[in-house]
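One structure below.
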Amino acid sequence: MTDRSAVVTRFAPSPTGSLHIGGARTALFNQLYARHTGGTFLLRIEDTDRERSTQANVQIILDGLAWLGIAPDGEPVFQHARADRHREAVAAMLASGGAYRDFTPPEELEAERERARAEGRVVRSAWRDRDPSEAPQGAPYTVRLKAPLSGETVVDDLIKGRVVFQTKELDDLVLLRSDGAPTYNLAVVVDDHDMGVTHVIRGDDHLNNAARQTLIYQALGWTVPAFAHLPLIHGPDGAKLSKRHGAQAVGEFADLGYLPEALRNYLARLGWGHGDDEIFSDAEAVAWFDVTDVVKAPARLDWAKLNHINQHYIRVADNRRLADLALEVHRSRGVHIAGDRLPDLPRAVALVKEGAQTTLQLADLTLFALKSRPLALDAKTQGLLTAETRALLGRLRHRLATSPWEVPALEAAIRGFAQAEGIGIGKFGAALRGVLSGGAPAPDLASSLVALGKDEALGRIDDALSQVQ
Ligand code: GLU
C-alpha cells in the first residue's frame, strides 16, 4: 500500500520535443515541493504517442534534467510499457459500469459530432445505454468513460483556486481506441495512481484535462490527487514564449553560457519568489518553496535578470570548472589553443570572471591568455610600436622583471615607471596591452600580466620588441 500521508510529486514530460524551460520549471517546482515536504519526486516519460515520441528526445530530457541538477528519486517510469495495466483499469471500469463499449462506426460518429456541434452539446454515443450484445459479432469498438450527465466537476486547484466545470459539458472520453491502445488521459490517471502521486504540479494547459481525469478517478473509485496548475512562461513582451524570444530549450541555455545553478535559481523565480530575494541557495529554495505561493499571473522571461544571476554564479564558481567551460567554448569555436597555456587558464579566469555574464563572455575574456607565442599582433598594436614606445617597453620590461608577480606590486611598478620617465601611462599602456593580448580583450595591465604568468608575459614583450619593423 502506498503511504498517502507523504507527498509524492512527478514530472511527466512527453518526449515529443526537447526539454523547454517551461518543462524544466515544472520539474523544478515538483522537486522543490517534494523536498520541502520531505516527500518523493518521480519522473515519468509519457511516451504513449508512438509516432511523435523518440528515443533521442527521451535522452535530451534526461540529459537536460541531469545538467540542471534536478534528479528524480528512482528510475523513470515509461508510460508506454504500462499499457497492459491501463487496459486492466479499463476492464475494471467496464465491470463496474463506469465505462462502456462504443460500437459506433466512424461515419456515424462523424454525423453525431456534427449534430452535437449544431446543438451545442458534447458528443454522446448511443451505445452508452445499449446492450453490447446487440452489436454485430466481432464489430470493432472503442471503450468510453460513462461520464455523469449532470452536476459539477470541481478542480480545487492549489494555484488557480476552485475551478468548476459543468459535468454535462465533459464528453464520454475514449479510454481505449479500437486497436486497444490506451488514451492519454487514462494513462495519466492510472500511472499517477499507481505511482502514489499525491500532488500533480504541471502547466496550466492541462487544467481542462484535470476535470476529465477527475471523472476517471471517480469511475475507478480512486482518490483524486491535489492539482496545482502553473501559469505559463511568457516572453519579455508578455506574449506566449516562442522562438522569436530566443532560446527555449534547456540545451540552448547551456550553449549560451548559462550555469545550471544559475538557471535553476532563475527558474525558481519564474512565478514564485521569496520576497525580493533574487539569489538563493538550493537549500533556501527547498526551505522556502510552497506550491501554494506560486502566483496566478504568467511569469515573464527577463534576460537581464538571468544574466545578472548568471554573473553572480560565475563570480562564485570554482575557477578550474570555469576554465574547463571556457575551454569547451573555445574548442567549439575551433580556436587553436596552445597546450602549454592551459595550466594558467584558471588563474586567468580568476582575474577576468567579474566581467563575464556568461561562459561565452568568459571565453572571450580569456582568449588572450591562451594564445601561443609569438603572438600575431594586430594592426593597431603594430602601429603603436614606434621606436620610442619600443624603447619605453624595453625599459619597463626590466623594471617588471624585478617586481613580485602580483597585481598590486605590478600596478605600483607600472605607476613608478611612468613617474620615473616623467610620462603618463597612456604613452605605453595601449601598446603593452596589445603586446600582451595580441589585440584580444584583456583586463587591466597588472591583471593581464598576472593572468599570463611572469615567463609568458615577459616572453610576449620580448617577442614584440625583437620583431623586425
Ligand atoms: N505529458 C504532459 C506534457 O508533457 C504532462 C502531463 C501531466 O503532467 O499530467 O505536457
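All ligand and atom numbering here is 1-based and tracks the order in the structure.
- With Y100 as the fixed residue, the side chain to side chain donor-acceptor pair (under 3.5 Å) test singles out one of D129, T142, D172: D172.
- With a 4.0 Å cut-off on non-hydrogen atoms, F227 does not touch ligand 1 at all.
- Heavy-atom distances between F11 and ligand 1 stay at or above 4.0 Å for every pair.
- Residues D102 and S125 bring a donor and an acceptor atom of their side chains to less than 3.5 Å of each other.
- Regarding atom 5 (C) of ligand 1, its nearest protein heavy-atom neighbour is A12 O, 3.2 Å.
- Of the options Q79, R10, H206, the smallest heavy-atom separation from atom 7 (C) of ligand 1 is shown by R10.
- Under the 3.5 Å distance criterion, with hydrogens and angles disregarded, no donor-acceptor pair is assigned to the side chains of H274 and D293.
- Between W272 and Y266, the distance separating the two ring centers is not shorter than 6.0 angstrom.
- In terms of heavy atoms, V122 sits closest to K168 at CG2-O, 3.4 Å.
- Near E46, the atoms of ligand 1 lying under 4.0 angstrom from a non-hydrogen atom of the residue are 1 (N), 2 (C), 5 (C), 6 (C).
- Residue, atom and distance of the protein heavy atom nearest to atom 6 (C) of ligand 1 are Y184 OH, 2.8 Å.
- Across the listed options G22, S14, G23, S14 owns the non-hydrogen atom lying nearest to atom 4 (O) of ligand 1.
- Side chains of Q59 and D63: a donor-acceptor N/O pair is present below 3.5 angstrom, by distance only.
- The shortest N or O to N or O distance between R202 and ligand 1 is below 3.5 Å.
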